[in-house]
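These notes concern the structure reproduced below.
What you see is a predicted model; the values in this text were computed from it and never measured. Only this structure's heavy atoms are used, side chains among them; waters, hydrogens and symmetry mates stay out.
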Amino acid sequence: MVGYIYDESKLEKNAEYASDGIISPKGDVYSYGVLLMETFTRKKPTDEMFTGEMSLKHWIKLSLPRGLTEVVDANLVREVQPSYAKMDCLLRIMHLALGCCMDSPEQR
């Protein structure tokens, strides 16, 4: 479950985030965001490229909006000139995924 748990640093302090099996909407939203990132980038949070401070979430955040084609799965944008509508849709999906994975309201 690496990468899917909301604010992993709170696991020991707060049973709400899994240790007692209590379900949290925050955890579900966070997991959905990670799932979107995985689906549209074809990368897992455990990919070897994500070490130290670099994570799937951080990589996408640093790349948007100009580097969208660098982070999304190449099969989604393999046309010579992907349409504006397709690129806009992919950008919105990536922003949604990042929004789902924000740790606190201040980061939104």
Side-chain angles (χ1 to χ4, degrees):
M1 294 287 294
V2 173
Y4 297 95
I5 300 173
Y6 173 77
D7 197 355
E8 294 171 5
S9 66
K10 295 181 182 178
L11 280 177
E12 292 178 16
K13 299 176 188 172
N14 191 341
E16 179 184 8
Y17 295 112
S19 63
D20 287 337
I22 298 171
I23 298 170
S24 167
K26 287 181 182 179
D28 291 344
V29 170
Y30 191 92
S31 296
Y32 179 68
V34 174
L35 179 68
L36 284 174
M37 286 186 241
E38 277 190 294
T39 301
F40 287 92
T41 65
R42 291 189 72 188
K43 298 266 187 227
K44 293 188 177 286
T46 55
D47 191 287
E48 61 188 34
M49 75 179 280
F50 305 124
T51 59
E53 295 293 315
M54 185 57 71
S55 66
L56 177 61
K57 179 172 71 170
H58 190 67
W59 177 60
I60 292 170
K61 188 174 183 178
L62 289 175
S63 300
L64 297 183
R66 295 175 197 235
L68 178 64
T69 57
E70 302 301 316
V71 295
V72 296
D73 179 9
N75 291 317
L76 297 174
V77 291
R78 66 178 154 198
E79 302 96 31
V80 174
Q81 185 67 29
S83 71
Y84 173 80
K86 179 185 266 191
M87 296 306 290
D88 185 55
C89 181
L90 290 169
L91 184 60
R92 288 173 185 260
I93 291 168
M94 290 291 99
H95 280 294
L96 173 63
L98 289 172
C100 289
C101 293
M102 289 296 148
D103 296 325
S104 65
E106 300 87 44
Q107 292 180 328
R108 293 182 184 171

Side-chain donor/acceptor pairs under 3.5 Å, residues 64-79, sequence neighbours excluded:
{"from": "D73", "atom 1": "OD1", "to": "N75", "atom 2": "N", "distance (Å)": "3.2"}
{"from": "E79", "atom 1": "OE1", "to": "K86", "atom 2": "NZ", "distance (Å)": "3.4"}
{"from": "E79", "atom 1": "OE2", "to": "K86", "atom 2": "NZ", "distance (Å)": "2.9"}

* M94 and S63, any side-chain heavy atoms less than 4.5 Å apart -> no

* Would you mind telling me which of L56, L62, I60 makes a side-chain contact (heavy atoms from CB on, under 4.5 Å) with H58? => L62

* Supply the atom-to-atom distance M37 CE to K44 NZ, rounded to the nearest 0.5 angstrom. => 14.0 Å

* Structure fact -> The salt bridge (charged side-chain N to carboxylate O under 4.0 Å, His left out) partners of D88 (sequence neighbours excluded) come to R92

* Side-chain touch L36/Y32, heavy atoms, less than 4.5 angstrom -> yes

* Structure fact -> Rounded to the nearest 0.5 Å, the CE atom of M49 sits from the OG atom of S55 at a distance of 10.0 Å

* Structure fact -> d(L96 CG, C101 SG) to nearest 0.5 Å is 9.5 Å

* Structure fact -> Sorted by chain and number, sequence neighbours left out, ring pair (Phe, Tyr, Trp, His ring centres under 6.0 Å) with F40 holds for none

* Asked: Do the non-hydrogen side-chain atoms of L98 and K57 ever get within less than 4.5 Å of each other?
  -> yes

* Structure fact -> Closest non-hydrogen contact found for G33 with C100 is CA-CB, 3.6 Å

* Asked: Looking only at heavy atoms, what is the nearest atom pair of K43 and E38, with distance?
  -> O-CG, 3.2 Å

